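In what follows, a single structure is set out as structure tokens and then discussed.
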Amino acid sequence: MASGSAIISFFLLSLALVANAADPDPVLDFCVANNSSSGSSGSCRNPSAVTGQDFVSEILRNINNTQAPNTFNAILASVSTFPGLNTMGLSIARADFGVGGVVPTHVHPRASELIYVAEGTISAGFVDTNNVLFARTLQRGDMIIIPRGLLHYQYNVGSEPATTFAVFNSQEPGLQLLGPSLFGSEIPTPVLASSLSLNESTIAALRGIYAPSS
Ligand SMILES: *[C@@H]1O[C@H](CO)[C@@H](O)[C@H](O)[C@H]1NC(C)=O
Ligand SMILES: *[C@@H]1O[C@H](CO)[C@@H](O)[C@H](O)[C@H]1NC(C)=O
Ligand SMILES: *[C@@H]1O[C@H](CO)[C@@H](O)[C@H](O)[C@H]1NC(C)=O
Ligand SMILES: *[C@@H]1O[C@H](CO)[C@@H](O)[C@H](O)[C@H]1NC(C)=O
């Protein structure tokens, strides 16, 4: 029978394992994902069927700078779009911004993010668990690190289009956008109204924005 201290030890060990959670270390030179078997977490492709092309991706190649204001376009090269990243523990995204374009507030549950400004002037920031905002304006060539799991954004505050690249320490960083998570999900309206100190008609209006089809 487990003693109280054994239970506490197990609990602390579990916490430590969770705190250290990250993509596992590779046990092979490479493991190009066989997405014809079971998706991004599927088995390795047979090494005899792997070629140099499996370690190459062109999906970030196209310039996609939209000139229109208040817009952005982001592309993520993660294991699901670039199978060669499987077991490598990283991924990369590109974001192109029109003037005033914003990558809306969001979280990556499985990765820290290092953002590099390739073109333009970007204001980027994150909020810590004390609700303190850490934000800076970055010029071309500058970087900012966004700690894993913290709410953050990017905003083109310049007068020209902007482009950033972001690397993640996970092959699948995950993306949770604040607005759609709250108002595009099926969290009951009374829960949202109470959580946010808003009335139910305001919640309904916000649902209309984030879940227009429902
Ligand atoms: C991928 O997985 C499928 C289904 O398991 C298998 O038939 C196929 O041979 C695999 N392909 C490679 C290149 O390993
Ligand atoms: C570039 O943006 C256009 C318009 O939003 C979109 O149709 C296209 O797929 C994008 N290209 C890439 C490479 O993301
Ligand atoms: C695996 O996914 C990549 C990227 O989405 C795609 O280019 C490739 O055709 C897929 N391979 C198979 C066997 O489905
Ligand atoms: C809900 O709250 C909004 C904003 O405070 C207010 O304008 C509106 O009259 C309220 N609606 C109801 C039905 O209480």
Side-chain angles (χ1 to χ4, degrees), residues 7-8 10-23 39-41 66 68-76 78-81 91-115 122-138 144-157 162 164 166-214:
I7 291 171
I8 290 168
F10 176 75
F11 178 68
L12 291 175
L13 177 64
S14 304
L15 276 185
L17 289 173
V18 168
N20 289 328
D23 286 13
S40 60
S41 58
T66 170
N70 301 314
T71 57
F72 81 102
N73 180 62
I75 307 165
L76 172 66
S78 68
V79 68
S80 59
T81 50
S91 52
I92 183 167
R94 169 178 177 155
D96 294 293
F97 302 77
V99 174
V102 171
V103 178
T105 47
H106 65 279
V107 161
H108 302 291
R110 293 184 289 277
S112 302
E113 175 178 6
L114 181 59
I115 298 170
I122 290 288
S123 170
F126 67 87
V127 176
D128 75 2
T129 57
N130 293 317
N131 299 325
V132 175
L133 174 67
F134 296 86
R136 283 292 182 275
T137 298
L138 308 172
I144 184 172
I145 178 71
I146 307 295
R148 183 169 78 180
L150 297 185
L151 192 66
H152 63 282
Y153 63 85
Q154 295 180 58
Y155 174 28
N156 180 5
V157 292
T164 62
V167 291
F168 301 90
N169 65 335
S170 170
Q171 68 180 24
E172 200 65 84
L175 170 66
Q176 195 164 33
L177 288 156
L178 189 59
S181 290
L182 285 174
F183 304 109
S185 69
E186 293 179 350
I187 298 176
T189 295
V191 173
L192 287 177
S194 176
S195 301
L196 301 170
S197 300
L198 296 172
N199 63 38
E200 298 200 0
S201 47
T202 302
I203 299 298
L206 288 164
R207 280 202 201 284
I209 295 169
Y210 291 100
S213 58
S214 70

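Owing to the predicted nature of the structure, the values given are computational and were not obtained by experimental measurement.
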Quiz prompt | Where Ala93 and Phe168 come nearest, the two heavy atoms and their spacing | solution = CB-CE1, 3.7 Å

Sidechain-backbone polar pair: [X] side chain, [Y] backbone, donor-acceptor under 3.5 Å:
X      : Y      : value
Ser91  : Glu172 : no
Thr202 : Leu198 : no
Asn130 : Val132 : no
Arg207 : Ser185 : yes
Asn199 : Ala193 : no
Ser181 : Leu178 : no

Quiz item: Can a donor-acceptor pair be found between the side chains of His152 and Glu113 at a distance below 3.5 Å?
Solution: yes

Practice problem: Using the side chain to side chain donor-acceptor pair (under 3.5 Å) rule, take Thr164 and Gln154 through it: C-alpha gap first, then chi angles, then the decisive distance, then the call. | Solution: CA-CA 9 Å; Thr164 62; Gln154 295 180 58; 2.9 Å; yes

Quiz item: Which is it for Asp23 and Asn169 under the side chain to side chain contact (heavy atoms under 4.5 Å, CB included) test, yes or no, and what are the steps along the way?
Solution: CA-CA 8 Å; Asp23 286 13; Asn169 65 335; over 6 Å; no

Would you say [X] and [Y] make side-chain contact, with heavy atoms under 4.5 Å?
X      : Y      : result
Val102 : Phe97  : no
Leu177 : Thr105 : no
Leu150 : Thr129 : yes
Ile122 : Asn156 : yes
Val107 : Pro109 : yes
Leu138 : Ile144 : yes
Leu175 : His108 : yes

Let me confirm one number: the [atom1]-[atom2] distance from [X] to [Y], rounded to the nearest 0.5 Å.
X      : Y      : atom1 : atom2 : value
Ile92  : Leu76  : CD1   : CG    : 9.5 Å
Glu186 : Leu192 : CD    : CG    : 11.5 Å
Ser195 : Ile187 : OG    : CD1   : 7.5 Å

Quiz item: By ring pair (Phe, Tyr, Trp, His ring centres under 6.0 Å), which residues pair with Phe126, not counting sequence neighbours?
Solution: Phe134

Practice problem: Not counting sequence neighbours, which residues clear ring pair (Phe, Tyr, Trp, His ring centres under 6.0 Å) with Tyr153? List them please. | Solution: none

Quiz item: Which residues pass the side-chain contact (heavy atoms from CB on, under 4.5 Å) test with Ile145, sequence neighbours left out?
Solution: Ser112, Leu114

Quiz item: Passes side chain to side chain contact (heavy atoms under 4.5 Å, CB included), Ser194 versus Val191? Steps please.
Solution: CA-CA 5 Å; Ser194 176; Val191 173; over 6 Å; no

